[in-house]
2 protein chains.
Amino acid sequence: METPVETTRERLLNVAEQRFGEGGYEGTSLRAITVAAAANIAAVNYHFGSKEALLRAAVARAMAPVNTERRRRLDQLEAGGPPTPEELIRAFIEPGLELVLRRGERGAVVARFIGRIAFDPSKRIRELYATESDPIERRYLAALQRALPQASPEAVAFGYVNMLGLLALHQSQALSPTPGAAGVGDPEDPGKLAENLVAFLVAAFDRGLRP
Amino acid sequence: METPVETTRERLLNVAEQRFGEGGYEGTSLRAITVAAAANIAAVNYHFGSKEALLRAAVARAMAPVNTERRRRLDQLEAGGPPTPEELIRAFIEPGLELVLRRGERGAVVARFIGRIAFDPSKRIRELYATESDPIERRYLAALQRALPQASPEAVAFGYVNMLGLLALHQSQALSPTPGAAGVGDPEDPGKLAENLVAFLVAAFDRGLRP
DNA sequence: GCATAGTTCAAACGGTCGTTTGAACTGGAG
DNA sequence: CTCCAGTTCAAACGACCGTTTGAACTATGC
């Protein structure tokens, strides 16, 4: 087969999601990224325009498969009867965990990167993440509301924020064993983490949302 | 009464928790802090020794009343019969939300700061937060395990991490209206947020932890 | 008044930051 | 071979970073 040579652009994106996920946006310098990517310092501005544009491109590339899978599952669910809360929660959580965690080291790097971005309280980064995942999130919110007609819109939004936050938490802890909290980010069986998280959230949604 | 003049040291701590909470540790410069505190740039190194030491001092000061209140509640609970999961969750969440949110703007600033620190995936900052809250957290973990004897230690730790994460999430969103998720960080009634969060977590702990 | 410990100050230290420049290289099209 | 658009490169830009210095100020005890 032909040799799939990594372009400078791809190497920059790979290293960016590794370093940004590890040290955060402000805590990672372009020089650290370009050195690790075996690229010239000017390459970032040539290919992306700025440091922030590199972040934006990395977020878009990392989120694309997750969003695609979520859309696919949501389509499939809504094609059948009205989905249950559990089905919706599963369709949201699993693409975020399995899809990246099942891909070994590289997948965990992507997960940590996504989690850290989704997590970040900084205004600029929050907006960046929001624009990337806004449309699909609206669909989930609406579907959740239909599945939980007895809950107020505020309660559904509250549950959704919590689901998003917990997913980001466990994503950002990929590659972080956190020995105090055993079994959480168990790299041996990411599916188990997904099951635990889904069960936790289903219980909270079903009985923990005040009307 | 005597005029309670704020010392330079206090002003630095006040501004530090505001700016660190807003822009993160790496994203906030000592110059920005000292200017806002009407102090000389050298004041930080004189009073604290370094930027990181300033962060450490700010974390310690902000967490102290929360930890004290948690200890007090835990003592009180354990003086009576064996506490229920709900009582334990309440004793953990409420000091983190009410104690700071009930104090107006300043309290919200402290909450955001604590939440952001507890939230931060960076190694150095995680360790800093851990040393500050480790002893009391061990007590909570042990008490939770006793209150949930049917759950495995891994499951209890998983629930605990989620509780910690959701508290940090809502703390860090103090001062952030997040219009999409209405009612979440409602500054008008922080007690309501505490109630919602406790109910959410109690349901998850009671029925969402796999054995 | 004077010494002294505590605090503040302007100024500068060496380093690193994101970004820009213009020349050098690359590989395919004409 | 020539040309040229695309890419890489070393070098430098001004700005800002955390930290240090040593002198100046302040207030208290003698």
Side-chain angles (χ1 to χ4, degrees), chain A residues 2-61 113 116-117 120 122-125 127-128, chain B residues 2-61 113 116-117 120 122-125 127-128:
Chain A
E2 52 195 274
T3 33
V5 187
E6 265 186 342
T7 67
T8 297
R9 197 187 143 87
E10 286 164 342
R11 280 184 344 257
L12 285 174
L13 287 173
N14 290 344
V15 174
E17 64 191 8
Q18 189 233 314
R19 297 300 175 104
F20 283 152
E22 188 178 323
Y25 177 71
E26 310 276 6
T28 303
S29 72
L30 286 186
R31 279 173 177 82
I33 292 176
T34 50
V35 165
N40 188 274
I41 171 71
V44 168
N45 283 274
Y46 174 75
H47 286 284
F48 301 96
S50 69
K51 183 186 181 183
E52 184 166 345
L54 168 63
L55 174 66
R56 203 157 33 231
V59 170
R61 194 190 69 163
F113 173 63
R116 175 136 200 173
I117 296 301
D120 200 299
S122 293
K123 211 174 178 183
R124 234 177 42 268
I125 297 187
E127 288 169 0
L128 197 159
Chain B
E2 51 195 277
T3 32
V5 188
E6 265 186 342
T7 66
T8 298
R9 198 188 143 88
E10 287 164 341
R11 287 194 327 268
L12 285 173
L13 287 173
N14 291 343
V15 174
E17 64 191 9
Q18 189 233 313
R19 297 301 174 105
F20 283 152
E22 187 177 325
Y25 177 71
E26 310 276 4
T28 304
S29 73
L30 286 186
R31 278 174 176 83
I33 291 176
T34 50
V35 164
N40 188 274
I41 170 72
V44 168
N45 283 273
Y46 174 76
H47 285 284
F48 301 96
S50 69
K51 183 186 183 183
E52 184 166 345
L54 168 63
L55 174 66
R56 203 158 33 229
V59 170
R61 193 189 71 162
F113 173 63
R116 174 135 199 174
I117 296 300
D120 200 299
S122 292
K123 213 176 179 183
R124 233 174 46 266
I125 296 188
E127 288 169 1
L128 197 159

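Below, chain A is the first sequence line, B the second, and so on; all start at residue 1. It should be emphasised that the depicted structure is a prediction, and the values quoted were computed from it without experimental measurement. Side-chain atoms are counted along with the backbone in the values below, which use heavy atoms only and exclude waters and symmetry mates.
Residues A36(A) and V15(A) share a closest heavy-atom pair of CB-CG1, 3.7 Å. A38(B) and R11(B) make their closest contact through O-NH2, 3.3 Å (heavy atoms, listed as atom of the first residue, atom of the second, distance). The heavy-atom pair separating A53(B) from F48(B) by the smallest distance is CB-O, 3.2 Å. In terms of heavy atoms, S50(A) sits closest to N45(A) at CA-OD1, 3.7 Å. Heavy atoms only, all atoms of each residue included: A39(A) and L12(A) are closest at CB-CD2, 4.2 Å.
A salt bridge is defined here as a Lys NZ or Arg NE, NH1 or NH2 lying under 4.0 Å from an Asp or Glu carboxylate O, and K123(A) with E127(A) fails to meet this definition.
In summary, the side chains of S122(A) and R116(B) do present a donor paired with an acceptor at a separation below 3.5 Å, with no hydrogens or angles considered.
Within residues 32-48 of chain B, the residues that have a heavy atom under 4.0 Å from DNA chain D are, in order of number, I41(B), A42(B), N45(B). DNA chain D is contacted by T28(B), S29(B), L30(B) of residues 19-30 of chain B, taking any non-hydrogen atom closer than 4.0 Å.
Under the 4.5 Å side-chain criterion, counting only non-hydrogen atoms from C-beta, L55(B) is in contact with I117(B).
In this structure, R31(A) places its CZ atom 11 Å from P of dT19(C), rounding to the nearest Å.
Using a 30° and 60° split on the angle between ring planes, Y25(A) and F20(A) fall in the tilted class, from 30° to 60°.
For the atom pair CG of L54(B) and CD of E52(B), the computed distance is 10.5 Å after rounding to the nearest 0.5 Å.
From the 5' end on, the contacts that DNA chain D makes with chain A at under 4.0 Å to a non-hydrogen atom open and close at dG6(D) to dA12(D).
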